Amino acid sequence: MPELPEVEGVVRALVPAVEGKTFAKVELSETIYTSWGLGKQCIVKNIEPNLFEEVMQGMHIRKIVRRSKYIYFHLEKNQESFLFVNHLGMSGAWFVVQALSEITEEKFRKHVHAIFTLESGELLVYSDIRRFGELRFLKKLEEHPPLLLMAPEPFEESACEYFLDKCQLPKYQNKPIKEVIMDGQVISGCGNIYATEALFKMGIHPARKTNRISKTRKIELFEAVRTILRESIEMGGSTISDYRNINGEAGGMQNRLKMYGKKVCPHCNTATKSLIIGGRTSVYCPKCQR
Ligand SMILES: [Zn+2]
């Protein structure tokens, strides 16, 4: 699942390719239409697919930014502002191409769900193999309240203080630390990969109760999360299973991961163990992490 660095990589590639351009036409897949009608998991969230296509037509892309693991397209039409929010889910990917045949990997080409034709002639294409992604059209952020509850960006000054305050709340105090740092209302954008890495770096067992970690150690842990996220952004993110930067580019961070997906601890050669915490597999070293 793409985490903050991967989403940042997508945004950095999208900005020069499509910012300032206008949607001439939008076409959604048959699957979106049928899944909407059946009330099944549908990528388009809060607006009927035909209305989505209609409203997007003529929208000017003013700005594209990342917020936590979301991509915000700030749009404008007839002097009115709108927001188009995308979450990549497990396997969402964007492409900017002249024709669909330029999407080289067949699995992405076969699962195209939205084609935004730009007035300049290129196609901005959203592909999603597993269909856990989200395309949401909003007039303002308040229309989707979960977006208002997200923790500050981890690189913001206030983010560490925010994390420490949240840890004091009864609902988090007794929870495993890994579950807490992966909660987007506590730290923005830290998913399984980077939570696993930060806890290994700190020698903290993923199941350790949050209130059993001192404030100093918590501050250090937050710093470890921030450092690993920054390093991964520089490396272009981790390419694990179906994550791609736009146009199918892969990142390089997966080669630097020390604990995520490892069978043996790189420090002490002990076999790693795994636990399910907060519904996610958590790999750790039973000797180095306490
Ligand atoms: Zn170890």
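Just so you know, residue 1 is the first one in the sequence shown, and it goes up from there. Order of appearance sets the numbers: ligands from 1, and atoms from 1 within every ligand. As the structure is a computational prediction, the values presented were derived from the model and not from experiment.
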Legend entry - Check: F84 ring centroid to F116 ring centroid under 6.0 Å: yes
Legend entry - Side-chain touch V10/I71, heavy atoms, less than 4.5 angstrom: yes
Legend entry - S282 and K178: side chain donor to acceptor below 3.5 Å: yes
Inset, instruction - Can you check the number of protein N/O/S atoms within less than 2.8 Å of the Zn ion (ligand 1)? - result: 4
Inset, instruction - Mind checking the OG-CD spacing from S158 to E153? Nearest 0.5 Å is all I need. - result: 10.0 Å
Inset, instruction - Report yes if some heavy atom in the side chain of L4 is under 4.5 Å from a heavy atom in the side chain of P154; otherwise report no. - result: yes
Inset, instruction - Verify the distance criterion only: is there a donor paired with an acceptor across the side chains of Y194 and S232 at less than 3.5 Å? - result: yes
